[in-house]
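Worksheet for the structure shown next.
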Amino acid sequence: MPEYCITYFNVRGRCEAMRMLMADQGAEWKEEVVTHDMWLKGDLKKDAAFGQLPKFQDGNLTLYQSNAILRHLARNHGLYGKNPLEATLIDMVNDGVEDVRVKYARMIYQNYENGKDDYIKALATELGHFERLLASNKEGKGFMVGDEISFVDYNLLDVLRNHLVLAPDCLSGCPLLSAYVKRVSSRPKLDAFLSSPAHKNRPINGNGKQ
Ligand code: 6SG
């Protein structure tokens, strides 16, 4: 069993997709929770490869950058497609998820009061891209790429679930994505994690906005 450890703030943020992946794959991990005060002391920031968290340990290997961590877990658990072409397509979708995550975080942390309404108005277009991509694989009845779940499904699911909290009807024009969220969320081990206090009681974002 690998020795996984997440060092991060007490938020879902950039770690919930990797937590969902590990829970669904039956992997165990430790959590080292960093408080605001601990972070402001500066030692952790100084040690971090890019001055930021999350940090992730797999035995003696220490990693930074949440998407690199997701990819590392994907390689460990066979979640990176069945051939190089699928891996490339998974990367493409993941870059699209990252674009949405960055826009979402900018709105949440920098422009919530003034920016939320316009952000929500643009969601039909933003999320419509994923609806069409999903439709192009097995008529939208499975996963984003190929026949099996991959790391991008966990990352996309996390972003979609956060958007459903922000705007509960944001998937009303996306029937395939709506069904995908329900289908993937109901995988038994993932459902158990999503129903757990560890997930439910952890704030989505560090400033209390959602
Ligand atoms: C913030 O942006 O949690 N890391 C964040 N912030 C602290 O000094 N490209 C990489 C990646 O994918 C992005 C990392 C990410 O891994 S995530 C970080 O390290 C810094 O830059 C969002 C999050 N925010 C919680 C938070 C940060 C500042 C205010 C609220 C924690 C609580 C208080 C201070 C630190 Fe706080």
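Considering only heavy atoms from C-beta on, K30 comes within 4.5 Å of E32 through its side chain. A 4.5 Å side-chain heavy-atom check between F9 and T35 finds every atom pair outside the cut-off. No side-chain heavy atom of Y8 sits under 4.5 Å from any side-chain heavy atom of V34. A 4.5 Å side-chain heavy-atom check between K116 and E113 finds every atom pair outside the cut-off. At least one side-chain heavy atom of L164 sits under 4.5 Å from a side-chain heavy atom of L171. Inter-residue side-chain proximity for M20 and L194 is flagged as met; some heavy-atom pair is nearer than 4.5 Å. The shortest side-chain heavy-atom distance between M144 and L89 does not fall under the 4.5 Å cut-off.
Applying the ring pair (Phe, Tyr, Trp, His ring centres under 6.0 Å) test to residues at least two apart or on different chains, the pairs with a partner in residues 41-65 are Y4-F56. The side-chain hydrogen bond (donor to acceptor under 3.5 Å, both in side chains) contacts involving residues 93-106 comprise R14-E98, N67-N94, N67-E98, N94-N155, R101-N155, R101-D158, K103-E126, Y104-N205, where partners must be two or more places apart or lie in separate chains.
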Can you check side-chain contact (heavy atoms from CB on, under 4.5 Å) on K138 and D147, steps first, answer last? CA-CA 8 Å; K138 322 282 170 200; D147 297 319; 2.8 Å; yes
From CA spacing to verdict: side-chain contact (heavy atoms from CB on, under 4.5 Å), I149, L79: CA-CA 6 Å; I149 197 161; L79 302 166; 3.9 Å; yes
Would you check, one step at a time, whether the test salt bridge (charged side-chain N to carboxylate O under 4.0 Å, His left out) holds for D47 with K55? CA-CA 10 Å; D47 285 348; K55 164 175 148 180; over 6 Å; no
Go through the steps to decide whether L156 and L160 satisfy the test side-chain contact (heavy atoms from CB on, under 4.5 Å), and finish with yes or no. CA-CA 6 Å; L156 177 59; L160 291 176; 3.8 Å; yes
Derivation and outcome, side-chain contact (heavy atoms from CB on, under 4.5 Å), residues M107 and D118: CA-CA 10 Å; M107 183 277 292; D118 284 346; over 6 Å; no
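Side-chain N/O atoms of Q25 and Y154 include a donor and acceptor closer than 3.5 Å. Side-chain contact of Y180 with D153: a donor-acceptor pair under 3.5 Å is present, judged by distance alone. Side-chain atoms of R202 and H199 include no donor-acceptor pair closer than 3.5 Å. A donor-acceptor contact closer than 3.5 angstrom links the side chains of Y80 and D91.
The two residues A17 and L70 have their closest heavy-atom pair at C-CD2, 4.1 Å. Of all heavy-atom pairs between V97 and V152, the closest is CG2-CG2, 4.1 Å. Taking all atoms of both residues into account, the shortest heavy-atom contact from L127 to L177 is O-CD1, 3.6 Å. Heavy-atom minimum distance, K200 versus S195: CD-O, 3.7 Å. Between H77 and A27, the closest heavy-atom pair is CE1-CB, 4.0 Å. Counting all heavy atoms, side chain and backbone alike, E86 lies closest to G146 at OE2-CA, 3.5 Å.
For N10 (side chain) and P203 (main-chain N/O), no donor-acceptor pair under 3.5 Å exists by modelled atom type. Judged purely by atom type and a 3.5 angstrom limit, N162 has no side-chain atom pairing as donor or acceptor with the backbone of Q210. Although no hydrogens or angles enter the test, the distance criterion places no donor-acceptor pair under 3.5 Å between the side chain of S185 and the main chain of K182. Listed for the E131 side chain is a donor-acceptor partner under 3.5 Å among the backbone atoms of L176.
Atom CD1 of I120 is separated from atom CG of L166 by 4.0 Å, given to the nearest 0.5 angstrom. Between atom CD1 of residue I69 and atom CZ of residue R71 there is a gap of 11.5 Å, rounded to the nearest 0.5 Å. In this structure, I90 CD1 and S150 OG are separated by 3.5 Å, a value rounded to the nearest 0.5 Å. Separation of atoms NE2 (H129) and CG (L134) is listed at 14.5 Å; rounding is to 0.5 Å. For the atom pair NZ of K41 and CE of M38, the computed distance is 7.5 Å after rounding to the nearest 0.5 Å. Taking NZ of K121 as the reference point, atom CG of D117 lies at 6.0 Å (rounded to 0.5 Å).
Linking ILVMFWY residues whenever their side-chain heavy atoms come closer than 4.5 Å, directly or via other members, leaves V11 and V33 in distinct clusters. L61 and L44 fall within the same hydrophobic cluster, defined by Ile, Leu, Val, Met, Phe, Trp and Tyr side-chain heavy atoms under 4.5 Å apart, directly or through other members. In the hydrophobic clustering of this structure, L190 groups with V165; members are Ile, Leu, Val, Met, Phe, Trp, Tyr whose side-chain heavy atoms approach within less than 4.5 Å, directly or through other members.
D24 and K189 are not joined by a salt bridge, as no carboxylate oxygen comes within less than 4.0 angstrom of a charged side-chain nitrogen. Under a 4.0 Å N-O distance rule, the pair E31/R19 qualifies as a salt bridge.
Within the 6.0 Å centre-distance limit, the rings of Y119 and H163 are counted as a close aromatic pair.
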